[in-house]
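Working notes, beginning with the structure itself.
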Amino acid sequence: MSQSTTTPAPLAITHLTVAYGDKTVLWDITWQAVPGLTAIVGPNGAGKSTLLRAALGLIPSIAGEARFFGRSLDEVRNRVGYLPQRASVDWDFPATALDVVCMSRYPRMRWWGRVPKAEREAARGALDQVGLADLADRQIGRLSGGQQQRVFLARALAQDADLYLMDEPFAAVDAATEQAIIAVLRRVVAAGRSVIAVHHDLSTVPSYFDQVLLLNGRAVAAGAVKSAFTPDAIARAYGGRLNVLEQAVAEGGLQ
Amino acid sequence: MSLGYNTLVVLAGCALLGLACGTVGAFALLRGRALMADAVGHAALPGVVLAAMIVATLGGNPRALPPLLAGALVAGVLGVLAVQALTRGGRIREDAAIAIVLSSFYALGVALLSHVQTMPQAAQAGLGKFILGQAAAMRAEDALWAGGIAAFCVLICLLLFQRLRAACFDPDYARVMGLSVARTDLALLGLIVIVAVAGLQAVGLVLVVALLILPAATARLLTHRLPVLLLVSALLGALAGALGAAASAFEPEWPTGAAVVLAGAIFFTLALLLAPERGLLPEAWRRAHRRIAATESHFLRAAWEAQEAAGAGPGTAGDRWTPIAALAAARGWTEAYASRLALWLALRGLVARADREIHLTPRGAAAARRAVRAHRAVELHLLGLGATDIAGADRLADLVEHGLPADMATRLLAEPSSLPASPHALGSGAFSSQADTLGDSENATTQNSNAFSSQADTLGGSENATRQNFSVRPLRGREADRD
């Protein structure tokens with residue numbers, strides 16, 4: 001990995017170990033993200049979401065640490081955005097799409113009174129970027145799954161961060177929404193920001209992402225998709241269970 | 001009993017407590033803290049009794065409210081801390097921890113209460129009112145306290161509105177942004193303890209949880225907007241408090257707590273039944289309406305297709321009458337059911353009825369054309385996609401055509417255009433096309449009298465045979481202008 005020594009990596013994880021009770025989920029992960037669009041890939045239960053959540057301090061880790069832009073998260077919170085899994089919240093909550101996106105601007109406001117107009121406009125702009133400007137005032141429970149996912153994306157975008165950690169941004173969305181989301185992510189990266197996304201569809205890794213981290217409790221392989229996302233590494237991450245997908249990867253790699 | 005000064009004081013006090021409970025309860029409900037309020041209420045009992053014992057031992061007036069509420073506050077906080085200590089480490093789940101703390105503290109309180117009764121100075125006098133609530137004992141001073149507490153809670157909720165909303169909706173995300181969810185939760189818990197303790201005298205510790213949760217749950221059925229929800233919840237809480245206090249004032253034997261909670265439960269039940277969007281009755285009404293509309297359009301389409309099969313069209317010279325039995329057979333209905341539908345549609349002016357036969361009125365024909373159009377648009381679209389075979393397309397179209405908005409139908413099938421031919425034979429199934437056998441014998445005709453024939457118009461034979469044997473026959477003049 002050719003990493004310039006002057007700019008610290010957006011996310012650098014060293015010796016991270018996480019356990020739920022007696023079950024250790026992540027073993028001694030050391031990994032440095034490179035600016036750009038990065039996928040975290042691995043089988044179910046590989047600890048993909050856990051890696052993000054532990055890095056963000058949402059769950060305690062036994063050992064190791066995560067540094068963002070060379071600093072601790074507390075020092076650079078305004079530069080780090082997060083998109084949690086869609087299923088992690090109650091979509092029946094009494095809020096509109098705009099209300100949800102506005103939540104990303106809370107740290108910038110004084111904490112009483114209404115959401116200031118400037119912040120509301122920023123939130124509307126983010127909704128516009130994901131193509132939901134017309135649905136800003138709709139109750140979130142009445143949005144389709146793909147629209148809810150885009151509301152979450154808009155909320156992350158409205159944070160105006162330099163690094164986005166996204167937990168399954170493409171989970172359970174239709175093909176059109178997936179294209180819309182990847183277009184937004186590419187724009188974000190083109191603007192010089194970084195995105196690290198947990199991803200579950202091996203076949204689209206080569207076309208969507210520049211970098212990849214293959215995970216299965218441990219870091220199996222990491223680096224540029226072209227060099228690290230090999231059938232061999234995938235087989236090691238998935239325990240040789242995925243012969244079908246090697247084909248897809250080989251085809252994707254040719255593109 | 002007239003509305004004297006005392007009654008007004010009690011009413012105002014209970015309304016203000018209800019207001020505070022409704023406001024705090026909205027966030028408690030959204031954050032999933034409903035049972036915590038119950039734990040606080042029950043945990044307060046030993047605190048109240050111990051406070052009374054201490055005051056009595058020190059020679060004070062054991063009925064004075066402030067020391068009792070202070071005792072309740074301390075015990076309530078201890079209860080909350082006990083729940084948190086039990087759940088830490090993940091050994092015991094929160095619901096179990098709450099049940100343990102709630103019942104243990106309450107049992108301790110009851111045991112202490114029976115001990116107090118053996119003490120001199122009648123320290124226990126009036127302590128029972130904390131269990132079920134006795135608002136009538138409220139004095140002007142207590143009402144003032146209630147007002148102060150209500151104002152404080154509302155103020156804190158408004159100040160922390162955004163923090164509370166973020167913590168309730170997506171606590172993890174709020175944490176990542178650096179909002180202190182732990183502190184927000186602590187503030188919410190503090191508010192819950194304060195309103196639960198303040199509500200003890202009016203509602204009683206057994207039922208104080210209801211005053212927190214019922215108004216909020218009711219408001220949630222009525223609105224999707226959090227600010228509106230807060231307002232509605234606060235007002236419903238105030239109303240329930242005032243109504244309960246009033247009922248208890250007119251009927252002093254009634255425990256105020258029960259009256260307040262019953263009022264809140266009535267509001268909740270009404271909202272559950274009648275809320276415009278989420279209520280059970282409007283929902284059942286909408287569902288029934290959709291089902292009737294679907295059945296109607298099936299009937300009208302069958303009537304249209306019967307005419308089509310006979311080579312005639314509504315509004316054309318060959319406009320015919322159709323036996324109800326034939327429609328019933330085409331849809332797989334009993335004739336009695338189809339007759340009832342025909343009666344209903346006749347009442348709506350969509351069909352004319354005579355002698356077990358029906359005829360589409362101009363309005364009915366327009367509706368039938370729309371139904372046929374939607375059905376065929378979906379069918380042809382599905383077949384065009386290669387998604388299904390002809391019979392499958394027919395069945396799927398039957399299911400989805402009713403939800404098809406007009407603009408979608410137009411997109412699938414450009415308007416204006418003539419109706420496309422049905423992709424499947426209209427005689428298929430019950431519309432069996434055995435017309436060629438019809439002319440042969442009178443016997444065969446009666447057997448097939450409820451079958452349409454797509455060849456009816458091509459059949460030879462006299463006009464008389466057609467009229468008697470076929471399902472459709474020419475429109476009689478006198479009904480022609482009926483609508």
Side-chain angles (χ1 to χ4, degrees), chain A residues 20-22 49 52-53 55-59 68 73-86 88-96 98-100 102-116 119 137-142 151-152 155-156 158-159 161 164-165 167, chain B residues 25-27 29-34 88-93 154-184 187 216-233 271 275-278:
Chain A
Y20 293 122
D22 296 338
S49 301
L52 293 191
R53 293 170 57 78
L56 290 168
L58 293 175
I59 46 176
F68 296 82
L73 180 59
D74 277 328
E75 294 173 84
V76 288
R77 274 192 194 277
N78 58 344
R79 295 182 68 188
V80 179
Y82 177 48
L83 184 148
Q85 280 184 19
R86 177 157 60 89
S88 65
V89 302
D90 169 18
W91 287 94
D92 198 32
F93 194 85
T96 62
L98 187 64
D99 288 338
V100 171
C102 280
M103 288 180 194
S104 66
R105 311 289 290 187
Y106 283 3
R108 295 158 202 253
M109 314 171 195
R110 58 169 205 271
W111 43 270
W112 63 91
R114 290 168 57 94
V115 176
E119 307 298 340
D137 293 318
R138 182 167 297 187
Q139 203 267 328
I140 51 173
R142 296 201 195 153
V151 168
F152 261 16
R155 184 178 68 169
Q159 268 184 272
Y164 293 99
L165 301 186
D167 203 343
Chain B
F27 287 114
L29 183 76
L30 291 172
R31 188 75 181 98
R33 290 282 184 273
R88 193 159 300 146
R91 227 170 273 111
I92 297 171
R93 279 175 30 167
V154 172
L155 188 70
I156 297 288
C157 281
L158 291 182
L159 276 180
L160 293 180
F161 179 73
Q162 289 166 15
R163 304 284 152 147
L164 285 165
R165 169 151 74 178
C168 289
F169 175 63
D170 194 348
D172 279 352
Y173 184 76
R175 264 179 220 123
V176 170
M177 282 189 306
L179 305 180
S180 173
V181 176
R183 245 179 295 160
T184 308
T218 310
R220 204 164 176 199
L221 288 169
L222 296 173
T223 176
H224 293 307
R225 312 297 293 252
L226 188 53
V228 181
L229 189 151
L230 272 184
L231 187 69
V232 172
S233 178
E277 275 178 36
R278 311 178 110 195

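Labels below follow one simple rule: chain letters A, B, ... track the order of the sequence lines, proteins then strands, and each chain is numbered from 1. What you see is a predicted model, and the numbers here were worked out from it, not measured in a lab.
B:Asp170 places a side-chain heavy atom less than 4.5 Å from the side chain of A:Pro84. Using a 4.5 Å cut-off on side-chain heavy atoms (C-beta onward), A:Met103 and B:Gln162 make no contact. For the pair A:Leu58 and B:Tyr173, the minimum side-chain heavy-atom distance is 4.5 Å or more.
Scanning both residues, B:Arg225 and A:Asp137, for their nearest heavy atoms gives NH1-O, 4.4 Å. The shortest heavy-atom contact between B:Arg163 and A:Tyr106 is NH2-O, 4.1 Å. Nearest heavy atoms, A:Asp92 versus B:Arg220: O-NH2, 2.9 Å. When all heavy atoms of B:Val176 and A:Arg77 are compared, the pair lying nearest together is O-NH1, 2.9 Å. The heavy-atom pair separating A:Ser104 from B:Met177 by the smallest distance is CA-SD, 3.5 Å.
Contact count against chain B (heavy-atom pairs under 4.5 Å) is highest for A:Arg155 among A:Arg155, A:Arg53, A:Met109, A:Gln139.
By the neighbour-count criterion of 12 heavy atoms within 6.0 Å, atom CZ of B:Arg183 is sparsely surrounded, having that number or fewer from other residues, nucleotides or ligands.
Checked against A:Pro94 for a side chain to side chain contact (heavy atoms under 4.5 Å, CB included), the options B:Leu30, B:Val228, B:Thr223, B:Leu230 give a single hit: B:Leu30.
Contacts of A:Ile140 with chain B are made by side-chain atoms alone, with heavy-atom separations under 4.5 Å and no backbone atom involved. Heavy atoms closer than 4.5 Å to chain B are found in both the backbone and the side chain of A:Val115. For B:Leu159, the parts lying near chain A are the backbone and the side chain together; criterion is any non-hydrogen pair under 4.5 Å. Proximity to chain B is absent for every atom of A:Tyr20, based on heavy atoms less than 4.5 angstrom apart. For chain A, the nearby part of B:Leu229 is the side chain; its heavy atoms alone come within less than 4.5 Å.
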Worksheet item: When you look at B:Arg165 and A:Asp99, which way does the side chain to side chain contact (heavy atoms under 4.5 Å, CB included) test go after all the steps?
Response: CA-CA 10 Å; B:Arg165 169 151 74 178; A:Asp99 288 338; 3.6 Å; yes
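For A:Gln85, the side-chain hydrogen bond (donor to acceptor under 3.5 Å, both in side chains) criterion is met by A:Ser49, A:Asp167, not counting sequence neighbours. For A:Tyr82, the side-chain hydrogen bond (donor to acceptor under 3.5 Å, both in side chains) criterion is met by no residue, not counting sequence neighbours.
Remark: B:Arg31 does not engage A:Asp90 in a salt bridge, criterion side-chain N to carboxylate O under 4.0 Å.
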